2 protein chains.
Amino acid sequence: MVANTLKLKQRRSRERRERIVAAATRLFGRRGIAQTSLTEVAKLAGVPLPSLYDYFKDKQDLVAAVPEDNYLALYERLTAVANGKQGPRQQLRATFLANLEYIRDNPDWGRVFFLEIWPSAAVGQARIRKAVDRYGLHYVELIRRAVAAGEYTRDLDPYLGMSLLMGSLCHLTAVWLLYRKPYELVDRGTAMFDLTEVSFLRRS
Amino acid sequence: MVANTLKLKQRRSRERRERIVAAATRLFGRRGIAQTSLTEVAKLAGVPLPSLYDYFKDKQDLVAAVPEDNYLALYERLTAVANGKQGPRQQLRATFLANLEYIRDNPDWGRVFFLEIWPSAAVGQARIRKAVDRYGLHYVELIRRAVAAGEYTRDLDPYLGMSLLMGSLCHLTAVWLLYRKPYELVDRGTAMFDLTEVSFLRRS
DNA sequence: GACAATTTTCGAAGAATATTCGAATTTAAT
DNA sequence: ATTAAATTCGAATATTCTTCGAAAATTGTC
């Protein structure tokens, strides 16, 4: 247990940091980043305002911490799900749907990531971009394998396929979040994946 | 000529407003909204800071004006292009590509709209949402007609089809803008449209 | 063309928010 | 027990957004 071997002081400090990120996720996710002041974040986290700066360089840095703190859990879930399936095609499908499930279960995080971070200038920062790239490359790799296995047509450009899937994912999520969840995200995502995949398949 | 019949004072006022929006489009588009201060906008527009408030309620209001000032030109272009084609399928394709051309030719606007406005909380404002909805419905309508004409399969849900196209469009544009235009937008958009459309077609 | 009414402009001040500084406190190490 | 190190946070500063109202410019009227 890492947490237990940490010195008392360090552990407390870490818990504090986590409380701040949790508060930020919630507030940024509900009201948007621009509409949330650090004063509010500090209040919800139960720490004095200047203490935020003991953990984060500035507001932007706190914003970046929100998705970062979720990547680990997300990737674990995605790989766990994918490993349970056989064949790249099934793995791709399972990954896509697990991704939507994660968003459904963590809408605040989803909103910060898909609506505020990923599209915004934040991606210009190397730190965030790296994570986003990794995210996309995971899909590229699965598509590539499905092509190699002969499940998808040889004509398929894996990057184009990835753009299609990521684009659908983002758009679906954005509409779901912005229009107050007018449909069941995973169900609709399933329909969308199956529709998209038609164009990936080998012409018989 | 509306502009010429306007009283001198009103005309100057309108030109001023246009200069402000132009400055805002440029700065918001290059640095992002959060990283751009109104002081900078005012300076680039050549007006004193408080004068911004003679035209816009607050910063958010100025942000909203950026896409609004472009809709007219965009819609004109889209409908002109679509009307030159026959059959809903060709019209849809032409619309999609003309849309990409407009983005390519107005990247600052594209960035403000696709990266800052559309995904952000701003869509929560009725005024902006209305415009966005209209945008999407245009695609829905064209798809619907293509289905009715028997060009697309009857199984196709027009809304799902729209999500797919809009998702692709957004993602393609976002990557193009954020990764410093690594490909020719319209060419890649063409490949993407054709790939997506495979899943719309009637199974023979 | 002079005068009043109206609209437009913008300097000065205020409010909200982000950020820094460093001294006080707490914990860890010797 | 004493020193060193890390952590916390009150007080002060900097930046940015926003308001107010008086000055200036324009328009309408006689």
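None of the values given here were measured: they were computed from a predicted structure. Computation of the quantities below employed the complete heavy-atom set of this structure, encompassing side-chain atoms and omitting hydrogens, waters and symmetry-equivalent molecules. Chain identifiers are assigned alphabetically (A, B, ...) following the order of the sequence lines, protein sequences preceding nucleic acid strands; residue numbering begins at 1 within each chain.
Looking at residues two or more places apart in sequence or on another chain, you find a side chain to side chain contact (heavy atoms under 4.5 Å, CB included) between B/D105 and B/R77. Taking B/R19 as the reference, nothing meets the side chain to side chain donor-acceptor pair (under 3.5 Å) condition, with sequence neighbours excluded. With sequence neighbours excluded, no residue forms a side chain to side chain donor-acceptor pair (under 3.5 Å) with A/D157. Residues that satisfy the side chain to side chain donor-acceptor pair (under 3.5 Å) test with A/N106, not counting sequence neighbours, are absent from this structure. In this structure A/E197 satisfies the side chain to side chain donor-acceptor pair (under 3.5 Å) test together with A/R89, A/Y152, sequence neighbours excluded. A search for side chain to side chain contact (heavy atoms under 4.5 Å, CB included) contacts involving B/K181 returns B/P107, B/W176, not counting sequence neighbours. Taking the side chain to side chain contact (heavy atoms under 4.5 Å, CB included) definition, one finds that A/T196 meets it with A/L164, A/L165, A/S168, A/M192, A/F200, B/L164, sequence neighbours left out.
What separates CG of B/L52 from P of D/dC17 is a distance of 9 Å, to the nearest Å. Distance CD (A/Q35) to P (D/dT18): 11 Å, rounded to an integer number of Å. B/F56 has its CZ atom 16 Å from the C1' atom of D/dC17, to the nearest Å. For the pair A/R14 CZ and D/dT8 C1', the interatomic distance rounds to 18 Å; values are reported in whole Å. Spacing between atom CZ of B/R31 and atom C1' of D/dT16 amounts to 14 Å, rounded to whole angstrom units. Distance CD1 (A/I33) to C1' (C/dT17): 16 Å, rounded to an integer number of Å.
Here A/Y135 and A/F113 bring their ring centres to under 6.0 angstrom of each other.
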In 5'-to-3' order, the base (B), backbone-only (S) or no-contact (-) status of each nucleotide in nucleotides 19-30 of chain C, using a 4.0 angstrom heavy-atom cut-off, is BB-----BBSS-

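One axis for each end of the helix from C/dG1-D/dC30 to C/dT30-D/dA1, each built from five base pairs, and the angle between them comes to 10° at 10° resolution.
For B/Y55, no side-chain nitrogen or oxygen approaches OP1 or OP2 of C/dT8 to under 4.0 Å. The side chain of B/S51 places an N or O atom within less than 4.0 Å of a non-bridging phosphate oxygen (OP1 or OP2) of C/dC10.
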Show which side-chain atoms of residues 184-191 of chain A pair as donor or acceptor with protein atoms under 3.5 Å away, not counting sequence neighbours.
residue	atom	partner	partner atom	Å
A/E184	OE1	A/V186	N	3.4
A/E184	OE1	A/D187	N	3.3
A/T190	OG1	A/V186	O	2.7

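Less than 4.0 Å separates DNA chain D from at least one heavy atom of each of the following residues of residues 15-30 of chain A: A/R16.
The salt bridge (Lys or Arg N to Asp or Glu O under 4.0 Å) pairs that include a residue from residues 40-58 of chain A are A/R31-A/E40, where partners are two or more places apart or lie in different chains.
Salt-bridge check for B/R144 with B/E141: passed, with a basic side-chain N closer than 4.0 Å to an acidic carboxylate O.
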